[in-house]
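Read the numbers this way: they start at 1 and go in the same order the structure lists the ligands and their atoms. Since we're looking at a predicted model, the values are computed, not measured.
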Amino acid sequence: MEVIRTQTQVGIVGAGPAGLVLAHLLHALGISCVVLEARDRSYVEGRVRAGVLEQGTVDILNELGLGDRMRREGLTHHGVEIGFNGRRHHVDFEKLVGKTVTVYGQHEVVKDLIAGAHARHIPILFDVENVSLHDIDGSAPSIRYTHHGLSHELSCDFIGGCDGFHGVSRPSIPEGVLKIYERVYPFSWLGILAEAPPSQDELVYMHSDRGFALFSMRSPTVTRLYLQCANETDIADWPDERVWAELLLRLQCEDGWAPHVGQIIQKSVTPMRSFVTEPMQYGRLFLAGDAAHIVPPTGAKGMNLAISDVKVLSEGLSLYYREGAMRGLDRYSSLCLRRVWKAQRFSWWMTSMLHRMPDANDFDHRRQLAELDYVTSSEAGARTIAENYVGLPIEGVD
Ligand code: APR
Ligand code: PHB
């Protein structure tokens with residue numbers, strides 16, 4: 001069959017937050033790119049995921065001129081609440097570290113990025129099939145794919161592997177090159193979106209004897225809630241009444257606070273995993289976001305890490321195209337991994353501090369409560385949550 005040959009500077013696989021932000025960063029630098037996405041546009045825009053943006057993520061979106069709707073509709077949060085023993089404790093980010101976070105759904109970010117790409121004529125091809133990467137260890141890599149039944153080959157200088165955990169980029173790296181670090185947790189999250197106004201302004205991370213629960217939100221009319229559940233959970237076993245009854249029990253507080261109950265408009269189960277690939281580069285292929293690492297959602301780091309990776313990558317590419325220097329790209333993996341591992345540590349720590357561990361004994365549980373007491377009553381303890389939650393600095397490549 002005839003192959004249609006095209007060319008660009010950077011071929012990007014995947015139109016999630018990593019691929020789309022990379023495309024915008026490169027466009028702003030005058031570097032050409034093409035984004036190849038396996039799913040259709042409405043699927044990508046409708047995929048409900050987390051929704052807490054670090055200040056650094058907000059800054060990147062604003063600098064790219066993509067922050068108008070986020071500034072209008074996003075909710076600025078000055079802190080979070082950590083609850084245990086029926087009481088909630090405020091961790092004041094603004095007071096402790098002078099920063100805030102913004103609650104704005106990941107799929108809203110993705111919608112803004114796609115609309116912005118269309119307005120700027122950044123090419124995104126949806127519904128591509130049979131994506132495969134070639135010659136990634138040479139100086140002229142290429143991506144083959146089919147689109148609307150036609151075969152294509154895209155020649156490029158570099159490839160951004162932004163295709164998530166189940167994509168083709170990571171498996172394209174020869175066996176034996178990557179080292180994988182992984183932990184699978186013995187529980188999952190059952191998440192709902194409910195048509196109910198949030199009953200307070202801040203998120204509540206609640207440890208309870210019945211398991212962890214999280215109160216979050218999406219807008220002044222939509223509440224987002226999660227509860228810890230068993231790994232094999234079948235969503236059919238959780239009719240709406242059971243979800244609400246369990247959430248209300250876990251979130252119960254001495255002061256009578258409770259979330260408002262409303263119509264459930266979305267329900268899903270998410271497994272919890274920590275995963276890191278080292279290095280995040282092989283030849284001219286650079287892995288970014290979920291293609292390279294997964295964090296459990298307790299620290300709200302997934303999308304933020306994806307965006308900080310591609311920020312570093314865009315700086316490395318900028319140096320290459322400005323000066324012909326590889327030094328920024330050569331540092332990509334080690335610079336990202338330093339930050340990734342700290343986010344891994346924070347996400348693992350929040351997860352282990354807040355959940356009921358199935359194999360924990362009474363000693364472990366008492367120690368866990370002491371830790372929650374410490375981080376909410378000591379300024380040093382609260383500061384470590386605040387500093388990590390709002391996001392550690394993104395180091396530049398030069
Ligand atoms: N070819 C093209 N596209 C692909 C392929 C493929 N073979 N495989 C996967 N994709 C696409 C997916 O359809 C998805 O749109 O790559 C995209 C990857 O996007 P995400 O999974 O959102 O990953 P990333 O951009 O790294 O963002 C990380 O997403 O999973 C959440 O919590 C995570 O918030 C974090 C964020
Ligand atoms: C969410 O609102 O979806 C959310 C918030 C905080 C988290 C995880 C998910 O830690």
Side-chain angles (χ1 to χ4, degrees), residues 11-23 34-41 43-54 57 75 77 80 82 101-110 113-114 124-133 143-147 159-172 189 191-193 198 202-205 212-219 222-226 266 268 270-273 275 280 287-310 343 346-347 350-351 354 389:
I12 299 175
V13 189
L20 292 168
V21 172
L22 178 59
V34 174
V35 183
L36 304 173
E37 166 58 50
R39 315 300 293 243
D40 63 44
R41 179 173 175 177
Y43 179 91
V44 172
E45 291 187 340
R47 207 162 32 191
V48 175
R49 277 152 164 194
V52 178
L53 311 189
E54 295 172 354
T57 302
L75 309 168
H77 282 211
V80 291
I82 307 274
V101 293
T102 299
V103 173
Y104 187 62
Q106 178 172 319
H107 70 292
E108 303 297 349
V109 174
V110 166
L113 290 166
I114 292 174
I124 307 176
L125 305 184
F126 291 99
D127 296 304
V128 300
E129 292 174 291
N130 307 315
V131 173
S132 59
L133 312 188
I143 309 176
R144 291 185 202 150
Y145 60 96
T146 47
H147 195 225
I159 297 174
C162 302
D163 47 355
F165 187 63
H166 300 287
V168 291
S169 296
R170 196 179 61 251
S172 304
W189 277 14
I192 61 161
L193 275 180
E202 287 186 349
L203 272 59
V204 182
Y205 288 83
F212 170 73
L214 171 60
F215 166 86
S216 178
M217 64 203 68
R218 281 293 175 275
S219 72
V222 176
T223 305
R224 176 88 166 135
L225 296 135
Y226 298 93
Q266 197 261 355
S268 58
T270 314
M272 308 273 281
R273 181 195 289 271
F275 175 93
M280 287 169 56
L287 302 176
D290 277 17
H293 41 71
I294 301 279
V295 282
T298 329
K301 289 282 160 259
M303 171 173 39
N304 294 296
L305 276 184
I307 292 176
S308 57
D309 285 351
V310 296
F346 177 65
S347 305
M350 288 283 279
T351 302
L354 286 159
Y389 199 97

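- The side chain to side chain contact (heavy atoms under 4.5 Å, CB included) search around Ser169 returns Val13, Leu133, Asp163, Leu285, Leu287, not counting sequence neighbours.
- For Pro296, the side chain to side chain contact (heavy atoms under 4.5 Å, CB included) partners at least two apart in sequence or on another chain are Tyr185, Met272, Ser274, Thr298, Ser347, Thr351.
- In this structure, Arg273 and Pro271 have side chains that are not in contact, with every pair of non-hydrogen atoms separated by 4.5 Å or more.
- Atoms OH and CG, on Tyr389 and Leu203 in that order, are 5.0 Å from each other to the nearest 0.5 Å.
- Contacts between Leu214 and ligand 2 below 4.0 angstrom, taking non-hydrogen atoms only, involve the side chain exclusively.
- Side chains of Phe126 and Ile114 form a contact here, defined as non-hydrogen atoms less than 4.5 Å apart.
- Every atom of ligand 1 is numbered from 1 in the order shown, and the set under 4.0 Å from a heavy atom of Arg47 is 12 (C), 13 (O), 14 (C), 15 (O).
- Remark: ligand 1 atoms within the under-4.0 Å shell around heavy atoms of Val131 are 1 (N).
- When heavy-atom distances to ligand 1 are checked against a 4.0 Å cut-off, Ile294 has no atom that comes that close, whether in backbone or side chain.
- Close approach of ligand 1 to Val13 is summarised as follows: ligand atoms under 4.0 Å from at least one heavy atom of the residue are 1 (N), 2 (C).
- Looking at Val110, Leu53, Asp290 one by one, the single match for side chain to side chain contact (heavy atoms under 4.5 Å, CB included) with Met303 turns out to be Leu53.
- Atom OG1 in Thr146 sits 10.5 Å away from atom CG in Asp127 (nearest 0.5 Å).
- Near Pro297, meaning under 4.0 Å from any of its heavy atoms, are these atoms of ligand 2: 7 (C), 8 (C), 10 (O).
- Remark: ligand 2 and Met217 share no N or O pair separated by less than 3.5 Å (distance only, no angle test).
- With a 4.0 Å cut-off on non-hydrogen atoms, Cys162 touches ligand 1 through its backbone and not its side chain.
- If you check which protein heavy atom lies closest to atom 19 (O) of ligand 1, you get Gly16 CA, 3.4 Å.
- Remark: ligand 2 atoms within the under-4.0 Å shell around heavy atoms of Arg224 are 2 (O), 3 (O).
- Ranked by closest heavy atom to atom 6 (C) of ligand 2, the top entry among Tyr226, Tyr205, Trp189 is Tyr205.
- The contact set between ligand 1 and Gly289, taken as ligand atoms under 4.0 Å from a residue heavy atom, comprises 26 (O).
- Of the protein's non-hydrogen atoms, Val168 CG1, 3.5 Å is the one closest to atom 7 (N) of ligand 1.
- A distance of 11.5 Å separates CG of Leu113 from CG of Leu22, quoted to the nearest 0.5 Å.
- Residues Val128 and His147 form a side-chain contact, since some pair of their non-hydrogen atoms from C-beta on lies under 4.5 Å apart.
- For the pair Tyr205 and Leu214, the minimum side-chain heavy-atom distance is below 4.5 Å.
- Of all protein heavy atoms, the one closest to atom 33 (C) of ligand 1 is Asp290 OD2, 3.2 Å.
- Looking only at side-chain heavy atoms (C-beta outward), Arg224 and Gln266 come within less than 4.5 Å of each other.
- Taking every heavy atom of Leu203 and a limit of under 4.0 angstrom, the matching atoms of ligand 2 come to 5 (C), 6 (C).
- Looking only at heavy atoms of the protein, atom 22 (O) of ligand 1 is closest to Arg49 NH1, 2.6 Å.
- Considering Gln106, His293, Met303 only, the shortest heavy-atom separation from atom 29 (O) of ligand 1 involves Gln106.
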Fill in: From CA spacing to verdict: side-chain contact (heavy atoms from CB on, under 4.5 Å), Asp309, His293
CA-CA 10 Å; Asp309 285 351; His293 41 71; 2.6 Å; yes

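- When side chains are defined from C-beta on, Lys301 counts as touching Glu54, because their heavy atoms get closer than 4.5 Å.
- Once rounded to the nearest 0.5 Å, the distance linking OG of Ser216 with CD1 of Ile192 reads 11.5 Å.
- In this structure, Pro17 has a heavy atom closer than 4.0 Å to ligand 1.
- At a heavy-atom cutoff of 4.0 Å, ligand 2 is contacted by no atom of Tyr104, backbone or side chain.
- Atom 6 (C) of ligand 1 has as its closest protein heavy atom Ala38 CB, 4.0 Å.
- Regarding atom 9 (C) of ligand 1, its nearest protein heavy-atom neighbour is Asp163 O, 3.1 Å.
- Contact atoms of ligand 1 toward Leu36: 2 (C), 3 (N) (distance under 4.0 Å to a heavy atom of the residue).
- The shortest side-chain heavy-atom distance between Val168 and Tyr145 does not fall under the 4.5 Å cut-off.
- Counting heavy atoms under 4.0 Å from ligand 2, residue Ser216 touches it through the side chain alone.
- Among all protein heavy atoms, the one lying closest to atom 12 (C) of ligand 1 is Glu37 OE2, 3.5 Å.
- Remark: side-chain polar atoms of Glu37 are paired, donor with acceptor, to backbone N or O of Ala15 under 3.5 angstrom.
- Residue Ala18 has at least one N or O atom closer than 3.5 Å to an N or O atom of ligand 1.
- Remark: ligand 1 atoms within the under-4.0 Å shell around heavy atoms of Gly302 are 34 (O), 35 (C).
- Of all the atoms in ligand 1, the ones that sit under 4.0 Å from a non-hydrogen atom of Gly164 are 18 (C), 21 (O), 23 (O).
- The shortest contact between atom 8 (N) of ligand 1 and any protein heavy atom is with Gly167 CA, 3.5 Å.
- In the vicinity of Val52, heavy-atom distances shorter than 4.0 Å reach the ligand 2 atoms 5 (C), 6 (C).
- Not a single heavy atom of Met350 sits less than 4.0 Å from an atom of ligand 2.
- A side-chain donor-acceptor contact under 3.5 Å links Arg170 to the backbone of Ala291.
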